[in-house]
Amino acid sequence: MITLTALAGLALAAFLAATPIPFQSEIAFAALLAARPDALWPILIVASVANTAGSVLTYFIGRGLSALQRWPRLRIPPEAMARAEGWFNRWGVWGLLLSWAPGGDIACAVAGALRTPLWLFILLVGIAKTARYAVVAALTLGLFG
């Protein structure tokens, strides 16, 4: 049986990796899975849920961006916000399926700022994050299993 401490550490790594904090969780995920390949499902579920939860935090940070616009020192340059909105409008919510990729945190924040329905955000980001960890799991088990 995998320990609760190991899963909690993975959850923390996965959560932080989906926030604006620069952090990667794939190494922790792959290392834990290589050590405990029998615990594939708990490891996959914990990493996916925690990483999605971190993206939800980023989504709510994006929702708060409009409130920050009232303070000049915290204001996002209009041209930067226009670029982000243009990208999101071009690709739509389907761009959230790439939320696992570099720059995905920006897409999550923009989705919040543009008031994407939370249920749709969680669905698409959850699919993307779970698929990414499933690929990492397949590669890890193929190499070490």
Side-chain angles (χ1 to χ4, degrees), residues 2 4 6-37 39-144:
I2 191 161
L4 186 58
L7 290 175
L10 176 61
L12 180 62
F15 182 86
L16 291 175
T19 67
I21 297 170
F23 200 81
Q24 296 297 315
S25 63
E26 292 83 3
I27 294 171
F29 176 85
L32 187 56
L33 187 58
R36 296 299 311 269
L40 167 64
W41 292 110
I43 292 170
L44 181 65
I45 291 167
V46 166
S48 298
V49 169
N51 203 243
T52 301
S55 292
V56 170
L57 174 64
T58 304
Y59 170 92
F60 280 110
I61 290 170
R63 285 193 68 138
L65 288 176
S66 58
L68 292 178
Q69 297 302 321
R70 288 181 273 182
W71 294 306
R73 289 184 177 223
L74 298 175
R75 198 169 283 156
I76 296 168
E79 57 278 357
M81 194 62 184
R83 273 195 315 270
E85 287 178 8
W87 178 89
F88 199 80
N89 289 333
R90 178 176 179 195
W91 298 103
V93 294
W94 302 111
L96 291 172
L97 291 172
L98 296 175
S99 60
W100 58 269
D105 297 340
I106 295 168
C108 292
V110 171
L114 296 179
R115 306 282 197 242
T116 299
L118 184 59
W119 70 268
L120 181 58
F121 175 85
I122 292 172
L123 176 68
L124 293 174
V125 170
I127 289 169
K129 303 294 186 151
T130 302
R132 186 257 328 266
Y133 282 119
V135 168
V136 173
L139 292 171
T140 301
L141 295 175
L143 293 174
F144 303 110

Q: Say you draw a straight line from CG of Leu40 to CG of Leu33; how long is it, rounded to the nearest 0.5 Å?
A: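 If we round to the nearest 0.5 Å, Leu40:CG and Leu33:CG are 6.0 Å apart.
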
Q: To check you understand the geometry: which heavy-atom pair defines the closest contact between Ile43 and Arg36, and what is its length?
A: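 In this case the closest contact between Ile43 and Arg36 is CD1-O, 3.9 Å.
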
Q: Suppose the criterion is salt bridge (Lys or Arg N to Asp or Glu O under 4.0 Å): which pairs have a residue in residues 13-28, not counting sequence neighbours?
A: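 Pairs touching residues 13-28 that pass the test: Glu26-Arg132.
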
Q: I'd like to check the side-chain hydrogen bond (donor to acceptor under 3.5 Å, both in side chains) partners of Thr116; sequence neighbours left out, ordered by chain and number.
A: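 By the side-chain hydrogen bond (donor to acceptor under 3.5 Å, both in side chains) rule, Thr116 matches no residue at all.
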
Q: Anything under 3.5 Å between a donor and an acceptor, one on a side chain of residues 8-25, the other on a protein residue two or more places apart or in another chain? List them.
A:
residue : atom : partner : partner atom : Å
Thr19   : OG1  : Leu16   : O            : 2.7
Thr19   : OG1  : Ile21   : N            : 3.3
Ser25   : OG   : Tyr133  : OH           : 2.5

Q: Would you mind writing out the side-chain donor-acceptor pairs for residues 92-105 within the sub-3.5 Å range, not counting sequence neighbours?
A:
residue : atom : partner : partner atom : Å
Ser99   : OG   : Leu96   : O            : 2.9
Trp100  : NE1  : Leu97   : O            : 3.2

Q: Tell me whether the count of non-hydrogen atoms from other residues, nucleotides or ligands lying under 6.0 Å of CG in Leu44 goes above 12.
A: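 Yes, CG of Leu44 has more than 12 neighbouring heavy atoms, counting only those of other groups under 6.0 Å.
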
Q: Sequence neighbours excluded, which residues qualify as ring-ring contact (aromatic ring centres under 6.0 Å, His included) partners of Phe121?
A: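 Phe121: ring-ring contact (aromatic ring centres under 6.0 Å, His included) contacts with Tyr59.
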
Q: Sequence neighbours left out, what pairs pass salt bridge (Lys or Arg N to Asp or Glu O under 4.0 Å) with at least one residue falling in residues 45-54?
A: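 Sorted pair list comes back empty.
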
